[in-house]
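These notes concern the structure reproduced below.
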Amino acid sequence: MAKPVVFITGGGRRIGAAISSLLMDSGYFVLIHVRNSIAEAQSIISSHSEANNGEISGDIIQADLVNDDISLLIDAVANHPKVKEYGGLFGLINNASVYQPISFEELTFEEFKKNFTIHVEVPFLLTKGLYEQLKTKSGSIIGLVDTSQGRAWQDLTHYTSSKNALRQMMINLAGDLHPHVRVNCIAPGAIISADWEIEHFASVLEKVPMGHSGEPKDIANAAKFLLESKHISGQIINVDGGWTLVE
């Protein structure tokens, strides 16, 4: 019996890697989009294969979301042999992200636009382009947003504005695409610190009710839950140890 197929952007590293790995372990065939992390994605696929008697439960699709023609990426997913075998696409996970502080004085429109391209434009185009494949399998779309809504995060105007645009777009799509496709969001908080925010991350953890950081697998568990919850749509799950309760 053909495995359900899920396509995840930025699925070779960090949180994306955890999602890819858990879904493969859970019986899915995962199409892992990467830009440069081919070796990392191949390692995920190989590790799963070695633990499962050589069974291959993933494939890599490479694309630069900013500079490449997204229609080619859509074609690669829609016409993938495993999508054809399964008869459609069970899940689309918009995980790819850029996250780097830039002061307002140094922020260029090009950088601002790049954030919107990756966080909003590409998820929109993928939804449009893969809708029929998702509809066929009563599929699910998940957007990885964050916990910045209503807050001012220093030097991250480009990031927070685009992530919040993704959040609103996903919620609106939940209304537009029902009852054929479910759409939800996951908002990670205090999961992994970037190299440039280690000191700030430590101060955040002092406020987190759970008293510690989360793990990428916490996000992966939420993604699996939303993929498989047939009566949940238009929701945002904060996976943040309760940070949004006190901040």
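Being a predicted model, the structure only gives us computed values, none of them experimental. Hydrogens, waters and symmetry mates play no part in the numbers below; they use all other heavy atoms, side chains included.
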Legend entry - Student check: side-chain heavy atoms of Leu73 and Leu65 closer than 4.5 Å: yes
Inset, instruction - Pick out which of Asn115, Asn164, Asp146 makes a side chain to side chain donor-acceptor pair (under 3.5 Å) with Tyr159. - result: Asp146
Legend entry - Short side-chain to backbone donor-acceptor contact, Asp64 and Asn67, under 3.5 Å: yes
Inset, instruction - Determine the sole option in Leu92, Ile141, Ile142, Leu134 for which the side chain to side chain contact (heavy atoms under 4.5 Å, CB included) test with Val183 is passed. - result: Ile141
Legend entry - Closest non-hydrogen atom pair between Gln100 and His158, with its separation: O-NE2, 2.8 Å
Legend entry - Intermediate values then yes/no, side-chain contact (heavy atoms from CB on, under 4.5 Å), His119 and Val98: CA-CA 8 Å; His119 299 154; Val98 286; 3.8 Å; yes
Name the atoms and distances for all side-chain donor-acceptor pairs under 3.5 Å in residues 22-38, with sequence neighbours left out.
from: Ser26; atom 1: OG; to: Leu22; atom 2: O; distance (Å): 2.7
from: Tyr28; atom 1: OH; to: Glu228; atom 2: OE2; distance (Å): 2.7
from: His33; atom 1: ND1; to: Gly10; atom 2: N; distance (Å): 3.0
from: His33; atom 1: NE2; to: Ala63; atom 2: O; distance (Å): 2.9

Legend entry - Side-chain heavy-atom pair Ile44, Glu40 within 4.5 angstrom cut-off: no
Inset, instruction - Sequence neighbours left out, what passes ring-ring contact (aromatic ring centres under 6.0 Å, His included) with Phe124? Give chain and number order. - result: none
Inset, instruction - Determine whether Pro188 and Val239 make a side-chain contact, defined as any pair of heavy atoms from C-beta on separated by less than 4.5 Å. - result: no
Legend entry - Exercise: do Lys163 and Ser148 side chains pair donor with acceptor under 3.5 Å: no
Inset, instruction - With sequence neighbours excluded, tell me which residues meet ring-ring contact (aromatic ring centres under 6.0 Å, His included) with Phe225. - result: none
Inset, instruction - Go through the steps for Lys82 and Glu85 under the test salt bridge (charged side-chain N to carboxylate O under 4.0 Å, His left out), then give the verdict. - result: CA-CA 5 Å; Lys82 289 296 181 179; Glu85 180 184 349; 3.3 Å; yes
